[in-house]
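We're numbering straight along the sequence, starting at 1. Whatever order the structure lists ligands and atoms in, that order sets their numbers, starting from 1.
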Amino acid sequence: MTKVALVTGGSRGIGRGICLALARSGVNVAVNYGSSATAAEEVVEAINALGREGLAIGADVSFPDRVEEMVKTVMERWGRIDILVNNAGITRDRLLLRMKVEDWEQVINLNLTGVFLCTSAVSKIMLKQKAGRIINISSIAGIMGNAGQANYSAAKAGVIGFTRSVARELASRGITVNAVAPGFIDTDMTAALGEEVVKGVLQSIPLGRFGTVAEVAGLVEFLALSEAANYITGQVLNIDGGLVMS
Ligand code: NAP
């Protein structure tokens with residue numbers, strides 16, 4: 001039986017890498033995107049080139065009706081969902097004194113409420129299947145905080161609490177729920193950082209470099225597919241070059 005994954009924000013960056021890593025390991029992948037339709041179609045073409053099936057689904061996952069529709073579309077195509085990766089995320093960075101309610105709401109609505117909506121919709125299917133792997137992409141900002149990212153850090157810390165609670169609720173039904181907390185990874189999101197900021201950040205990373213999309217995708221693939229991960233749930237796995245050690 002071919003496994004099926006739904007990856008939110010699969011059109012670019014880390015999500016794109018996760019889609020391709022899963023496809024390479026034999027999984028059919030639903031590639032969710034917000035606005036980058038062409039990029040999502042290219043990811044589907046790359047999945048097809050790897051011999052697997054892909055499906056691009058445009059849906060802003062901060063809205064309940066869009067999420068329900070998206071999950072229905074995946075079920076109509078493949079009839080099952082084995083892996084959910086809640087990856088879609090945005091930043092609206094500002095110091096607290098300048099942060100507007102819109103900056104706060106947009107980030108919380110996508111980065112936290114979106115995770116709740118997708119997990120809630122997909123877990124109903126996984127409960128019937130009596131199996132499933134849910135992986136939520138958090139961030140080290142949710143663990144250590146980051147000046148200028150009160151909204152983002154709050155959402156990502158929320159994802160960690162959500163992960164642990166849902167892991168406890170779903171464990172007895174054969175579903176694992178884990179979070180991955182990347183540090184600084186080379187994507188469009190970090191490309192926006194200025195040269196001076198990057199210099200400062202690099203000094204604080206023991207491994208002395210940003211991480212790659214392939215490295216994060218490899219960790220997600222491990223949690224999604226490996227036998228060892230059958231016995232891992234409710235955990236937060238940092239992948240950050242040693243930036244956070246606890
Ligand atoms: P990215 O390159 O900016 O990509 C973000 C992805 O999210 C895109 O595929 C985008 O698709 C999608 N997206 C945005 N708004 C959406 C919406 N409303 N509905 C559905 N999808 C939406 O970001 P990234 O660096 O790969 O980050 C991926 C995840 O890792 C995020 O959750 C981020 O917070 C987390 N993270 C990243 C880093 C890092 O250093 N890069 C570090 C820690 C955590 P469209 O373009 O189609 O909208």
Side-chain angles (χ1 to χ4, degrees), residues 6-21 29-44 46 56-67 69-71 73 84-93 105-119 121 135-146 149 151-160 162-163 179-193 197-198 201-202 204-205 209-217 219-220 236-241 243-244:
L6 167 59
V7 180
T8 69
S11 50
R12 295 186 288 112
I14 292 171
R16 177 181 186 278
I18 293 168
C19 291
L20 298 181
V29 188
V31 182
N32 160 256
Y33 65 93
S35 53
S36 307
T38 312
E41 287 300 344
E42 280 169 13
V43 176
V44 169
I57 308 176
D60 183 336
V61 295
S62 22
F63 293 97
D65 50 338
R66 309 283 153 74
V67 170
E69 232 170 85
M70 169 178 75
V71 171
T73 306
L84 167 67
V85 184
N86 285 306
N87 163 82
I90 51 166
T91 51
R92 294 289 181 269
D93 298 354
E105 285 180 346
Q106 281 176 18
V107 170
I108 297 291
N109 289 352
L110 178 63
N111 298 14
L112 183 55
T113 308
V115 175
F116 157 67
L117 292 172
C118 293
T119 304
I135 298 129
N136 299 324
I137 307 299
S138 177
S139 165
I140 54 151
I143 297 167
M144 61 191 279
N146 196 19
Q149 290 197 313
N151 50 358
Y152 183 81
S153 306
K156 293 299 188 182
V159 166
I160 290 174
F162 176 80
T163 298
V180 166
F184 289 82
I185 310 300
D186 264 324
T187 68
D188 292 346
M189 195 176 265
T190 46
L193 299 172
V197 177
V198 171
V201 166
L202 286 176
S204 61
I205 302 173
R209 63 170 177 87
F210 279 19
T212 66
V213 163
E215 287 164 339
V216 180
L219 178 57
V220 172
V236 183
L237 282 87
N238 295 0
I239 176 159
D240 62 2
L243 187 50
V244 174

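- Compare Val201, Ile185, Val43, Ile140 by their heavy atoms: the one nearest to atom 40 (O) of ligand 1 is in Ile185.
- Closest to atom 44 (C) of ligand 1 by heavy atom, among Gly89, Ala192, Ser138, is Ser138.
- Scanning the protein heavy atoms around atom 13 (N) of ligand 1, the nearest turns out to be Ala88 CB, 4.2 Å.
- In this structure, atom 12 (C) of ligand 1 lies nearest to the protein heavy atom Gly9 CA, 3.5 Å.
- Residue contact annotation: Leu110 has a non-hydrogen atom under 4.0 Å from ligand 1.
- Among all protein heavy atoms, the one lying closest to atom 25 (O) of ligand 1 is Thr187 OG1, 2.5 Å.
- Nearest non-hydrogen protein atom to atom 9 (O) of ligand 1 is Ser11 OG, 2.8 Å.
- Between Ser139 and ligand 1, a contact under 3.5 Å exists for no N or O pair.
- In terms of protein heavy atoms, atom 30 (O) of ligand 1 is closest to Ile137 CG2, 3.3 Å.
- Distances from ligand 1 to the non-hydrogen atoms of Ala59 include at least one value under 4.0 Å.
- For ligand 1, the atoms closer than 4.0 angstrom to any heavy atom of Tyr152 are 33 (C), 34 (O), 35 (C), 36 (N), 43 (C), 44 (C).
- The protein atom (non-hydrogen) at minimum distance from atom 10 (C) of ligand 1 is Arg12 NH2, 3.6 Å.
- Checked by distance only, ligand 1 and Ser36 come closer than 3.5 Å through their nitrogen or oxygen atoms.
- With respect to atom 38 (C) of ligand 1, the closest heavy atom belonging to the protein is Gly183 O, 3.9 Å.
- In this structure, Lys156 is part of the shell of residues with a heavy atom less than 4.0 angstrom from ligand 1.
- Considering backbone and side-chain atoms together, Tyr33 places no N or O closer than 3.5 Å to any N or O of ligand 1.
- Inclusion of Ser35 in the set of residues having an N or O under 3.5 Å from an N or O of ligand 1 is warranted.
- Protein heavy atom nearest atom 28 (C) of ligand 1, with residue, atom name and distance: Asn87 OD1, 3.2 Å.
- When only interatomic distances are considered, the shortest N/O to N/O separation between Gly34 and ligand 1 falls below 3.5 Å.
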